[in-house]
Amino acid sequence: MKKQNCEQNYAILGATGYGHFLSHCNMLVFPALALPLSQHFDLDLASTLDLGFWMYLLFGITALPWGMLADTFGSKPLLALFYLGAGCSGLAAATCTDNPHAFQLALVGIGLFSGIYHPAGLGWIAVSIPKKTAKAMAINGIFGSLGLAMGPLLAGLINWLYGLEAVYLCLGLMNFAGLFFLVQTKNIVQEKPSHLSHSSQPAQQKQKSFSAWKEFLVLLVCMMLGGVVYRGATVILPALFELNLPTVVTTINSLFQGSMISSNVIATVTIGCLYIVGMYGQYIGGRVGERFDLRYGYLGFHLLAIPFAFLIGNATDIPLIFLAALHSFFLLGMQPLENTLVARLTPAWMRSSAYGMKFILTFGIGALSVKLIKIIEQGWDLSLVFPVLGTVSILLVIMIGVLIVSTQGIHPSTFHKPS
């Protein structure tokens, strides 16, 4: 039985891991192509980045309805819709690179269907792997960080070799490939959502209770602020690297005599390496979540990210890469802790909906950072973006302090080990 459970857990982690990889890959291809698209469409950088606003907004604000559907029908059907819808949207984007308005509509489709993953995938993990949630979330988070790394890298390399159309053609096919991983879970019977089961009345009443809703609301505010920082960082870093690594670009090209490697390719490769550092942060975050109080680990990771945000703005070349890597380590490393906190503060019958609430705020409200970047870029300078994000992180740390105070009445074991 134990071996069978392990095999099922691996199959679930494989299916959800690829989904997490792809959902972030879908989102990170666009900012990696911001400057090439700006030249292609003859738009300024701020207007080009603005083409992705609705994609990022729908990626977030659809999370709650997708989560509610996952709680009702199960995660697997929703994940199948994710792969099919995002795959078709990716192919549509490949055919619309001559029209910025049509291209924007294709991006909207990518964001809409990619929004399915987080509530459906994380809800599946939290319900199916309750005893090792933090570890499972860390593994899942590593796949997400791999998507953050590979999205810009693949986009930059494919664009350099074959052009913009090829980038989105490949993205569409990668989404369709996700159906293969779902097929591998065909022998795993998903538990029927608890609120639909025919259990006894007392059990139903217990399942329906949600005593920690006030504390969960505080956590939602924390996650909303974290979403602004996360989305702002992921959207602006590719352009920031492309503009602020002149010595690195010159040095690399001097090493490859006879071939001129574009600053876009170097920036996207560097971003890929940056998110590999974030993968290690995910692993450390999972270990911290297994050994220490989730709340204080969550506080520590966000607190340590703040000074690097303020230093990134005026850095260039190697110092910029080093500071951005450290910022990504802590910003991404806290995710297993945060996702496990969601699982600990909500009942199983609404787990996917709870993750939907999280991501409607982190990615939906977080999409406003795209507008914020546009305002800063047009009114001041791109170097101010990260200090502004650092200020948001200070507010976030204050709210985590409120969370810690508000959860003092909850039994400590909730935040140290599975209940």
Side-chain angles (χ1 to χ4, degrees), residues 6-29 75 79 82 114 117-126 128-154 174-175 177-178 180-182 184-185 223 226-227 230-231 233-234 237 268-292 294 297-298 300-302 304-305 324-343 355 358-359 362-363:
C6 286
E7 290 176 351
Q8 290 187 352
N9 289 349
Y10 286 135
I12 291 170
L13 287 174
T16 56
Y18 185 74
H20 200 191
F21 164 82
L22 204 52
S23 68
H24 286 297
C25 195
N26 286 345
M27 293 296 103
L28 265 293
V29 162
S75 295
L79 290 176
F82 158 43
S114 296
Y117 171 73
H118 285 91
L122 298 184
W124 192 4
I125 292 171
S128 301
I129 313 176
K131 293 184 177 180
K132 291 287 184 180
T133 307
K135 183 178 180 181
M137 290 295 182
I139 294 171
N140 185 260
I142 288 170
F143 279 102
S145 293
L146 186 61
L148 292 171
M150 294 302 294
L153 177 60
L154 291 175
M174 287 169 64
N175 277 274
F180 168 79
F181 291 92
L182 280 184
Q184 305 308 305
T185 66
M223 295 188 293
Y230 166 82
R231 181 57 68 206
T234 55
L237 267 177
T268 53
V269 170
T270 307
I271 288 288
C273 296
L274 199 73
Y275 289 124
I276 290 173
V277 175
M279 289 170 60
Y280 185 64
Q282 297 270 10
Y283 169 75
I284 296 299
R287 293 293 298 272
V288 169
E290 289 289 318
R291 296 187 178 196
F292 304 104
L294 292 164
Y298 187 42
F301 271 72
H302 274 299
L304 290 169
L326 289 172
H327 185 262
S328 296
F329 177 90
F330 293 109
L331 186 64
L332 297 176
M334 67 82 205
Q335 289 180 359
L337 299 161
E338 184 175 86
N339 288 329
T340 307
L341 278 170
V342 173
Y355 284 112
K358 169 189 170 174
F359 289 105
T362 56
F363 292 150

Show, in sequence, the C-alpha distance, side-chain angles and deciding distance for Met223 and Val342, and conclude whether the side-chain contact (heavy atoms from CB on, under 4.5 Å) test is met.
CA-CA 10 Å; Met223 295 188 293; Val342 173; 3.8 Å; yes

With rounding to the nearest 0.5 angstrom, report the CD1 to CD1 distance, Ile139 to Ile12.
12.0 Å

Can you measure from CG (Leu122) to CG (Asn140) and round to the nearest 0.5 angstrom?
5.5 Å

Can you confirm whether Tyr280 sits close enough to Ile276 that some side-chain heavy atom of one is under 4.5 Å from a side-chain heavy atom of the other?
no

Would you indicate whether the side-chain heavy atoms of Arg291 and Val288 approach each other to under 4.5 Å?
no

In Å and rounded to the nearest 0.5 Å, what is the CG to CE distance from Leu304 to Met334?
13.5 Å

The test is side-chain contact (heavy atoms from CB on, under 4.5 Å); show your working for Asn175 and Leu22 and say whether it passes.
CA-CA 7 Å; Asn175 277 274; Leu22 204 52; 3.3 Å; yes

Under the side chain to side chain contact (heavy atoms under 4.5 Å, CB included) test, residues paired with Ile142 that sit two or more places apart:
Met279, Gln282, Tyr283

Which atom of Gly151 lies closest to which atom of Val29, heavy atoms considered:
O-CG2, 3.9 Å

What's the spacing between Thr340 OG1 and Ile125 CD1 if we round to 0.5 Å?
10.0 Å

First locate atom CG of Leu153, then atom CG of Leu28, and finally report the distance between them rounded to the nearest 0.5 Å.
11.5 Å

Heavy-atom closest contact (Tyr355 atom, Pro119 atom, distance)
CB-CA, 3.7 Å

Plane angle bin for His20 and His24 - parallel if under 30°, tilted between 30 and 60°, otherwise perpendicular:
tilted

Show the nearest heavy-atom pair for residues Ala120 and Leu79, with the distance to one decimal.
CB-CD2, 4.2 Å

On a heavy-atom basis, which atom in Gly17 and which in Phe143 lie closest, and how many Å separate them?
O-CB, 3.2 Å

Closest approach of Val277 and Phe329, non-hydrogen atoms and distance?
O-CD1, 3.8 Å

Kindly write out the residues that satisfy side-chain hydrogen bond (donor to acceptor under 3.5 Å, both in side chains) with Asn339, not counting sequence neighbours, or none if the list is empty.
Lys358

Using only atom types and a distance under 3.5 Å, with no angle test, would you say the side chain of Tyr117 pairs donor to acceptor with the backbone of Thr16?
yes

What pair of heavy atoms forms the shortest contact from Tyr18 to Met174, and how long is it?
OH-O, 2.6 Å

